[in-house]
2 protein chains.
Amino acid sequence: MTAPIKGKATSLDIAHLAGVSQPTVSRALRGSPMVNEETRKRIQAIAEQLNYKVDKNASNLRRQHSGTIALLFFEDPTPDDSQINPFFLSMLGSITRACALQSYDLLISFQQLSTNWQADYEDSNKADGLILLGYGDYLQAQSRLEQLVQQGTHFVRWGAVLPGQPGVSIGCDNYQGGRDITVHLLEQGRRQIAFLGDASNHYPEFFERYRGYEAALQGIGQAAQPSLQVDAITSEQSGYEAAMELLQRKVGFDAIFAASDLIAIGALKALHEQGLRVPADVAVVGFDDIPLASFVNPGLSTVQQDTKLAGTILVESLLKLINGEPVESRTIPVKLALRGSSRAA
Amino acid sequence: MTAPIKGKATSLDIAHLAGVSQPTVSRALRGSPMVNEETRKRIQAIAEQLNYKVDKNASNLRRQHSGTIALLFFEDPTPDDSQINPFFLSMLGSITRACALQSYDLLISFQQLSTNWQADYEDSNKADGLILLGYGDYLQAQSRLEQLVQQGTHFVRWGAVLPGQPGVSIGCDNYQGGRDITVHLLEQGRRQIAFLGDASNHYPEFFERYRGYEAALQGIGQAAQPSLQVDAITSEQSGYEAAMELLQRKVGFDAIFAASDLIAIGALKALHEQGLRVPADVAVVGFDDIPLASFVNPGLSTVQQDTKLAGTILVESLLKLINGEPVESRTIPVKLALRGSSRAA
DNA sequence: CTGAAAGCGCTTACAG
DNA sequence: CTGAAAGCGCTTACAG
């Protein structure tokens, strides 16, 4: 019997009890091959009994690494801050799981696009690297990204994959998705397809979707009509307003391609209110395939992003970066999820 | 001009550049009142220029505190692990914000109910305290909770608030919610109300909702019928199956009270498939008020939990606990969100 | 295979 | 108001 340890047990406590030196405890518990098997077992037993856990702060300080990844989630300032884009929540789930699989901890933080997020987490050694997630004005963020690169911060970003971007980006194939879903609408006989979403380099993901839309129209000799495009950001409210704006323009349209599912859902609401039938009068499609998409009535046709794969790739890419391995930006294939909103019953 | 710092700047680097000792740098940057204003400014300027950030590992190690809270999210093992209960995602958002407000970092981790989550995070000094979140078999978890209490781990748990529970629990008023929504159904003239959800002490939240349901029935002199209760856990799939089971029993019913919105949504699907009209043939209500609830058709009447308030209270309670202040378990009021699924059009 | 020593980068009594 | 010293609990060369 030894006197009980006051407070949390340290490796030194274990060492005393086991009759070895403190470094030996450290080695034994980390599974170093150069420690006697019997000694190790004794040490492990004592450690377990005392419910000893390595102090991460001490360990990290010494090893100069944290075993932690920070997920910076940045959003456009929204009036209702309680609502998070379900697509990102889905990403969050898959990133969390991917981290756990690699025995990394995940620190999460919501950032305003406007604040000075920079590399705080990595600079203060709280995290070995950063995952950047969020729709938002890309141009606003770009200089920050460049700064991160310059500082040598390890980060990967979810978003549009375009030439000349600072750092590593992972994103779905927005162009192809936009094109495929538009082709689908054309195949359904739609000929006046509106686009709801910002189509500028401020929102490169939307812009890529728009370019896909444009390309599909060109495929049948049509040009994209400015009168059929209305700006919107990712929210129901914004989608609702955009659809109302479109209706007020009094230009004919028989389909809406919304740049995201939330926008599409807002548009559906507006159409219903105006007594328009979906898909009979207007077909509607979205982008993301959030869980809601299959529950609205009619079910929303959309472009599915594989969030599970995306999370895995984001985490794996970041870990490679941390280990000094080269990583290329890359794109993840999408596929269509077709439901009632774009097809005759 | 001084030689550029290799690697990350430390407080010692700043000290050299400012011509002061390293402790003075530390004091200046932490805002200690006992440092000359002019000196402080000089130090701050240099720190900023070098993009210096206090090393959290060193700081935490020295201060024996981490400034971090761990959110342990545990789920029943589900076949489809990509789907997270939207209600918890909503909680996650509000917890994240509450942490940020208090300048705490948030570590998140998904746990299997079966694994040995214990107090790992606090024991390894990664976190000062734990928030436990998740539906799951309470009896399975109870001994772990007792262990946490015994170890002196700081934690708060989201869940049913019952006498004699280990540790601090925060939860919504499940009993009142169950009662109110059942009273609402009765007021709509429904008299054969089924309950979909596990009604045992394995799932105390559901059980409380069930007890509220029972109490409402007693209010009009009815007893709860075992033939009108079917077990279900929180998932669409489970709700779907429970509704099918109920239909097969061939007992008449004109309303369903589902113990959660996901269950309700699964039930709606089953009813639609069987050609039953909602609410004309069967009224359906749920619990949680997830975002989906307002989008299904007809809109789902449900009991709204205030996740924003819940997150704030969870975080504040935990911080009190960490500071050694006493905290009581408590309940948060609910309110009804009534929509088309329970009312004549 | 094991121990003595150094050091990660801070913070905080203790002197002055 | 500032500095010299100690120490948080580990990990890792360096000896033996």
Side-chain angles (χ1 to χ4, degrees), chain A residues 5-44 46-47 50-68 120-128, chain B residues 5-44 46-47 50-68 120-128:
Chain A
I5 318 278
K6 57 263 149 257
K8 246 163 233 173
T10 69
S11 57
L12 197 58
D13 297 322
I14 313 283
H16 286 152
L17 291 172
V20 296
S21 74
Q22 181 269 328
T24 299
V25 172
S26 175
R27 288 188 193 104
L29 263 26
R30 309 197 80 237
S32 158
M34 40 180 204
V35 76
N36 183 292
E37 200 43 40
E38 204 186 318
T39 316
R40 178 205 311 290
K41 280 195 183 134
R42 185 153 38 95
I43 292 173
Q44 263 165 351
I46 297 173
L50 264 59
N51 200 20
Y52 168 76
K53 294 284 171 351
V54 171
D55 183 310
K56 278 299 172 189
N57 290 130
S59 168
N60 291 343
L61 173 58
R62 181 54 229 258
R63 300 175 59 200
Q64 295 293 77
H65 119 301
S66 69
T68 301
D120 244 56
Y121 285 90
E122 186 165 341
D123 282 344
S124 58
N125 279 339
K126 286 196 280 194
D128 298 332
Chain B
I5 317 279
K6 56 262 151 258
K8 245 163 234 171
T10 69
S11 57
L12 198 59
D13 298 321
I14 314 283
H16 286 151
L17 291 172
V20 296
S21 73
Q22 180 269 329
T24 299
V25 172
S26 175
R27 289 189 191 102
L29 263 24
R30 309 196 79 234
S32 160
M34 41 181 202
V35 77
N36 184 293
E37 199 44 39
E38 203 187 318
T39 316
R40 178 205 311 290
K41 281 195 183 132
R42 185 154 37 95
I43 292 173
Q44 262 164 351
I46 296 174
L50 265 61
N51 200 19
Y52 168 76
K53 293 284 168 353
V54 171
D55 183 310
K56 277 298 171 189
N57 289 131
S59 170
N60 292 344
L61 173 58
R62 180 55 231 255
R63 300 176 59 201
Q64 294 294 78
H65 119 302
S66 69
T68 301
D120 244 56
Y121 285 90
E122 186 165 341
D123 282 344
S124 59
N125 279 338
K126 286 196 280 196
D128 298 333

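Proteins come first, then strands; the chains are lettered A, B, ... in the order of their sequence lines, and each starts at number 1.
A side-chain N or O of B:Asn125 and one of A:Asp55 form a donor-acceptor pair less than 3.5 Å apart.
One can place NE2 of B:His16 at 13 Å from P of C:dG9, the figure rounded to the nearest angstrom. Rounded to whole Å, atom C1' of C:dC8 lies 15 Å from atom NZ of A:Lys56. Between A:Asn57 atom CG and C:dG7 atom C1' the separation is 17 Å, expressed in whole Å. Distance, A:Asp55 CG to C:dG7 P: 21 Å, rounded to whole Å. Regarding A:Asn60, its CG atom lies at a distance of 12 Å from the P atom of D:dC10, rounded to whole Å. At whole-Å resolution of the value, CG in A:Leu61 and P in C:dG9 are 7 Å apart. Between the P atom of C:dG9 and the CD atom of B:Gln64 lies a distance of 18 Å, rounded to the nearest Å. Here C:dC10 presents its C1' atom at 10 Å from CZ of B:Arg63, a figure rounded to the nearest Å.
For the residue pair B:Ser11 and B:Gln22, the shortest heavy atom distance occurs at OG-NE2, 3.0 Å.
Taking side-chain N and O atoms only, A:Ser11 has a distance below 4.0 Å to OP1 or OP2 of D:dC10.
Within the 4.5 Å cutoff, the side chain of A:Tyr52 has heavy atoms near those of the A:Leu29 side chain.
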Just the atom pairs and distances: protein N or O near nucleotides 1-5 of chain D's N or O, under 3.5 Å.
| from | atom 1 | to | atom 2 | distance (Å) |
| --- | --- | --- | --- | --- |
| D:dT2 | OP1 | B:Thr39 | OG1 | 3.0 |
| D:dT2 | OP2 | B:Asn36 | N | 2.9 |
| D:dG3 | OP2 | B:Ser21 | N | 3.0 |
| D:dG3 | OP2 | B:Ser21 | OG | 3.0 |
| D:dG3 | OP2 | B:Thr24 | OG1 | 2.7 |
| D:dG3 | N7 | B:Arg27 | NH1 | 3.3 |
| D:dG3 | O6 | B:Arg27 | NH2 | 2.5 |

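If you check every strand for non-hydrogen atoms under 4.0 Å, B:Ser26 touches a base.
Of the candidates D:dC10, C:dT12, C:dC10, C:dT12 carries the atom nearest the B:Arg30 side chain, counting heavy atoms from C-beta on.
Remark: side-chain polar atoms of B:Arg42 are paired, donor with acceptor, to backbone N or O of B:Ala18 under 3.5 angstrom.
Heavy-atom contacts from other residues, nucleotides or ligands closer than 6.0 Å to CD of B:Glu37 number more than 12.
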